[in-house]
Amino acid sequence: MSERTQSTFAKSRGKIYSLFESYLKQKARLGFYDGPERSHGLLRSLKNTQLKKTVDFIYIDEVQDNLLLDAGLLHMLCRSPHGMFWAGDTAQTIALGSSFRFDDLKAYLYRLETNDELVLAGKRSPIHPAFFQLITNYRSHGGIVNAATSVVSLITKLFPHSIDSLAKEQGMVDGPKPVMFSGWGEDVRYEQFLFGEASSPIEFGAEQVILVRNEEAREHLRRQIGGEIGLIL
């Protein structure tokens with residue numbers, strides 16, 4: 001466990017490894033398998049089939065929610081060293097336990113390149129993965145983009161090696177700052193926040209939803225403000 005990328009837990013390696021061993025025992029007892037084991041199994045199977053290097057081009061979106069091992073699996077399928085395109089945002093990771101960084105992906109892909117059969121045979125040079133950013137946000141106005149950027153800036157400052165250090169994102173147009181709540185107690189008038197004042201109500205149409213963290217938060221919100229509010233994800 002790296003001190004640089006996991007500074008919060010690096011001083012508790014022994015405890016974390018004990019938890020990991022307990023996790024392995026529990027998984028074996030129940031006969032379960034997890035994501036990395038699935039990917040390892042697919043890699044072993046691919047090595048003994050004719051499916052290797054059978055795809056010309058692969059586009060992978062939301063790459064931050066995949067394991068690096070999955071990148072190796074896809075790399076094995078693609079025959080062209082220029083045929084893989086990876087897109088994602090490390091600040092939008094939703095996979096539990098993910099510590100994805102594009103710097104790690106670039107390094108891993110280059111290691112795979114240096115071990116390619118054609119490269120080892122001297123028939124071509126390894127390809128260095130190219131990297132570029134899209135910093136214009138076309139979906140959100142400047143108020144929301146700047147608020148999100150301030151959170152990412154804090155993560156970058158406090159945990160400098162936990163996510164990629166990227167250029168500041170920009171919105172196409174300016175907009176108001178989003179309203180933030182601290183806590184979600186019984187005394188918070190979230191009905192006013194969600195529906196607006198009686199004189200100028202906010203309508204929740206087909207293209208408007210409320211996003212919550214998990215199923216428990218979803219049910220809590222429905223109990224507080226009623227079940228007819230609209231779509232809650």
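What's counted below: heavy atoms across the whole structure, side chains too, no hydrogens, waters or symmetry copies. Throughout, residue positions are numbered sequentially from 1 according to the sequence presented.
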Please examine the side chains of [Y] and [X], heavy atoms only from C-beta on, and report whether any two atoms are closer than 4.5 Å.
{"X": "Q26", "Y": "L30", "value": "yes"}
{"X": "H82", "Y": "I127", "value": "yes"}
{"X": "P129", "Y": "Y110", "value": "yes"}
{"X": "T136", "Y": "M172", "value": "yes"}
{"X": "L74", "Y": "M84", "value": "yes"}
{"X": "R222", "Y": "R218", "value": "yes"}
{"X": "K47", "Y": "M76", "value": "yes"}
{"X": "P176", "Y": "H141", "value": "yes"}

Do the side chains of [X] and [Y] join up, straight or via other hydrophobic residues, at under 4.5 Å, putting them in one cluster?
{"X": "L24", "Y": "L67", "answer": "no"}
{"X": "L166", "Y": "V152", "answer": "no"}
{"X": "Y23", "Y": "I16", "answer": "no"}
{"X": "V63", "Y": "L77", "answer": "yes"}
{"X": "Y59", "Y": "F132", "answer": "yes"}

### Query
Does any N or O in the side chain of D70 come within less than 3.5 Å of the main-chain N or O of N66, such that one atom is a donor and the other an acceptor?
no
### Query
Hey, is the main chain of P36 close enough, under 3.5 Å, to the side chain of S39 for a donor-acceptor pair?
no
Starting at [atom1] of [X], measure out to [atom2] of [Y] and round the result to the nearest 0.5 Å.
{"X": "I144", "Y": "R139", "atom1": "CD1", "atom2": "CZ", "result": "11.0 Å"}
{"X": "E169", "Y": "D89", "atom1": "CD", "atom2": "CG", "result": "7.0 Å"}
{"X": "F20", "Y": "K25", "atom1": "CZ", "atom2": "NZ", "result": "12.0 Å"}
{"X": "R38", "Y": "Y33", "atom1": "CZ", "atom2": "OH", "result": "8.0 Å"}
{"X": "F102", "Y": "Q64", "atom1": "CZ", "atom2": "CD", "result": "7.0 Å"}
{"X": "L46", "Y": "R44", "atom1": "CG", "atom2": "CZ", "result": "11.5 Å"}

### Message
What verdict does the side chain to side chain contact (heavy atoms under 4.5 Å, CB included) test give for V55 and R79, after you've listed the backbone C-alpha separation in whole Å, the side-chain angles of each residue and the deciding distance to 0.1 Å?
### Response
CA-CA 6 Å; V55 180; R79 66 163 59 98; over 6 Å; no
Please report the closest heavy-atom contact between [X] and [Y], naming both atoms and the distance.
{"X": "T156", "Y": "S165", "result": "CG2-OG, 4.4 Å"}
{"X": "T90", "Y": "R101", "result": "CG2-CA, 3.9 Å"}
{"X": "V145", "Y": "S140", "result": "CG2-O, 3.7 Å"}
{"X": "K53", "Y": "H75", "result": "NZ-O, 3.1 Å"}
{"X": "A71", "Y": "L109", "result": "CB-CD2, 4.5 Å"}
{"X": "L68", "Y": "L105", "result": "CD2-CA, 3.8 Å"}

Under-4.0 Å salt bridge between [X] and [Y]:
{"X": "K106", "Y": "D164", "answer": "no"}
{"X": "E117", "Y": "R124", "answer": "no"}
{"X": "K27", "Y": "E37", "answer": "yes"}
{"X": "K123", "Y": "D116", "answer": "no"}

### Query
Passes side chain to side chain contact (heavy atoms under 4.5 Å, CB included), I60 versus I58? Steps please.
CA-CA 6 Å; I60 304 96; I58 301 179; 3.5 Å; yes
### Query
Between D104 and Y108, is a side chain to side chain contact (heavy atoms under 4.5 Å, CB included) present by the stated rule, with each step listed?
CA-CA 6 Å; D104 296 332; Y108 180 59; over 6 Å; no
### Query
Is D174 atom CG crowded by more than 12 heavy atoms from other residues, nucleotides or ligands, each under 6.0 Å away?
no
### Query
Any chance CZ of F131 has more than 12 other-residue heavy atoms, nucleotides or ligands included, within less than 6.0 Å?
yes
### Derivation of the side-chain hydrogen bond (donor to acceptor under 3.5 Å, both in side chains) call for S80 and D56
CA-CA 6 Å; S80 171; D56 292 315; over 6 Å; no
### Positive for side-chain contact (heavy atoms from CB on, under 4.5 Å) with P126, one of N115, V119, L120
V119
